[in-house]
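The structure under discussion is supplied below as structure tokens; questions concerning it will follow.
Scope of the values below: all heavy atoms of this structure, side chains included, with no hydrogens, waters or symmetry mates.
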Amino acid sequence: MTQKVVVIGAGVIGITTALDLQRRGHSVLVLDRGDAATQASAGNAGAFAFPEVEPLATPGILRKAPKWLLDPLGPLSIPPAYALQILPWMVRFLRASRSDRYASLLSAQVSLMKLSSTALNRLIASVDAEPLLQRDGQMQLYESEAEFQASLPTWTLRRDHGIEFELLDSREAIAEKQPGLSPRFTHAGYTPNWMNTVDPEKWVAHLAQSFRDRGGRIETQDIRALSPANDGIKIAFGDGHVDASKVIVCAGAWSHHLARTLGDHIPLETERGYNTTLPAGTFDLRMHLTFSRHGFVASRINNGVRIGGAVELGGLNLPPNYRRADTLLTKAKQFLPGLKTEGGTQWMGFRPSMPDSIPVVGPSPKSARVIYAFGHGHLGLTQSAGTAELVGALVDGQPNPIAMTPYSPNRF
């Protein structure tokens, strides 16, 4: 049976969800205040990071966070102007990082990663997206024996969950896979099955065009509020409204504002990520590189190089601090001595993040006709296909392939 479903948000979660609902026979309208892939979906590192099964909220983060927070340009920072506002979220984050929460959060992350990996293969085949993929692997780099040894529990965890990798313990072995790295890197972990898209913006644009080609509509509206109305949901915007039988909220870092109009208070916060994209010919990057201790990556985008990452918990309204992007680029030049840093384009985007590192996927406590799908943090692209299939099953009233309790909006 077809029904009118409205998806709010034309980023990677929203468009992928719209495609899955369309596949199930629903008439789907996507609403967004801008074009598809204009926010975090456009400027991310382009990685399908399925090996990253460990949530950010872990017991180990408590040892690292204080040192990071003292450095305003470090891997994790909170601008002083935002410190009081984010305090309730940080308290929840610290609670989620306790050792008694770790097993359940890890299980939830693993389950969604496994589903998303298989769902992505189905999506690639359905929209003929293979030309947009780079299957080059990823290397995580360490600067000392001690740093490498400290990482081994994470690699053991990945092995326990069936993730293939190779550990490298010499500069020569590293250089064989990626020439041009600084000799400061003495050890590495290489994951051969890691995938990237050639460009996350092109990826979402391709999905959006596939959705349109199959009869879907994407319209520009600045959504103001959601409210129950008769047998559906009223979606109010500046000069009118539209009614829907079901509404899927995939509005990224703005999602909690819409949830609040229904009376739901969900502790979503904004990780502001920074990067610089350098043009083609900048460096012979063979694969995705992760500089673990420094909290950033180098990825190949349109044959150029994107240097980005780090976490700035600064909300939606503070002006960008592009010194963070400059700092990452300076470090990248030290780590990749042959890197040409001229001609780059800087970017800042908003990652929607939950305090326990697990996204919200499930019906609103105020109305079962509204389904939330947001809060994926760094993993929106990675978990998009799995999230879409979860939402599709919820809309159709079908059993889901994984337990949904860990993702419930009611868990806070």
With sequence neighbours excluded, residues passing salt bridge (charged side-chain N to carboxylate O under 4.0 Å, His left out) with D284:
R286
Can you tell me how the ring of F291 sits relative to the ring of F185, calling it parallel under 30°, perpendicular over 60° and tilted otherwise?
tilted
Which pairs count as salt bridge (charged side-chain N to carboxylate O under 4.0 Å, His left out) when at least one residue sits in residues 295-304, sequence neighbours excluded?
D136-R300
By ring-ring contact (aromatic ring centres under 6.0 Å, His included), which residues pair with F211, not counting sequence neighbours?
none
Are E166 and K177 close enough for a salt bridge, meaning some N to O gap below 4.0 Å?
yes
Quick check with a 6.0 Å cut-off and a 45 degree axis cone: is K331 positioned over the face of F296's six-membered ring?
no
For N302, check side chain to side chain contact (heavy atoms under 4.5 Å, CB included) against everything at least two apart and list the hits.
D199, K202
Listed by chain and number, what are the salt bridge (charged side-chain N to carboxylate O under 4.0 Å, His left out) partners of R95, not counting sequence neighbours?
none
Using a strict 4.0 Å threshold on nitrogen-to-oxygen distance, state whether D20 and R23 make a salt bridge.
yes
Determine whether V6 and K246 satisfy the following criterion, side-chain contact (heavy atoms from CB on, under 4.5 Å), listing intermediate values before the conclusion.
CA-CA 6 Å; V6 174; K246 294 275 188 181; over 6 Å; no
Would you call R158 and E54 a salt bridge, using N to O less than 4.0 angstrom?
no
Please tell me if the side chains of R171 and R184 come closer than 4.5 Å, counting only heavy atoms from C-beta onward.
no
Exam field: side chain T191 to backbone F165, donor-acceptor pair closer than 3.5 Å
no
Can you list everything that forms a salt bridge (charged side-chain N to carboxylate O under 4.0 Å, His left out) with D222? Sequence neighbours excluded, please.
R224
So that I can tick it off, tell me whether R33 and E219 are bridged by a salt bridge, with the cut-off set at under 4.0 angstrom between side-chain N and carboxylate O.
no
Scan residues 186-198 for pairs that pass salt bridge (charged side-chain N to carboxylate O under 4.0 Å, His left out), counting only residues two or more places apart or in two chains.
none
Let's go through R122 and E389 carefully: what are the C-alpha distance in whole Å and the side-chain angles of both, what is the deciding distance for salt bridge (charged side-chain N to carboxylate O under 4.0 Å, His left out) to 0.1 Å, and is it a yes or a no?
CA-CA 10 Å; R122 290 188 282 270; E389 292 193 359; 2.8 Å; yes
Honestly, is R92 close enough over W89, meaning NZ or CZ under 6.0 Å from the six-membered ring centre and within 45° of the axis?
no
Per-pair distances, 0.1 Å, donor-acceptor, side chain in residues 108-116, under 3.5 Å, sequence neighbours excluded:
{"from": "Q109", "atom 1": "OE1", "to": "Q383", "atom 2": "NE2", "distance (Å)": "2.9"}
{"from": "S111", "atom 1": "OG", "to": "S107", "atom 2": "O", "distance (Å)": "3.0"}
{"from": "S116", "atom 1": "OG", "to": "L112", "atom 2": "O", "distance (Å)": "2.7"}

Set of side chain to side chain contact (heavy atoms under 4.5 Å, CB included) partners for H256, sequence neighbours left out:
R260, L268
Quick one: list whatever passes side chain to side chain contact (heavy atoms under 4.5 Å, CB included) with E147, sequence neighbours left out.
Y142, E143, S144, R293
Salt bridge (charged side-chain N to carboxylate O under 4.0 Å, His left out) contacts touching residues 344-368 (sequence neighbours left out)
E271-R351, D356-R411
Applying salt bridge (charged side-chain N to carboxylate O under 4.0 Å, His left out), which residue pairs with at least one partner in residues 99-109 are found, sequence neighbours left out?
R98-D100
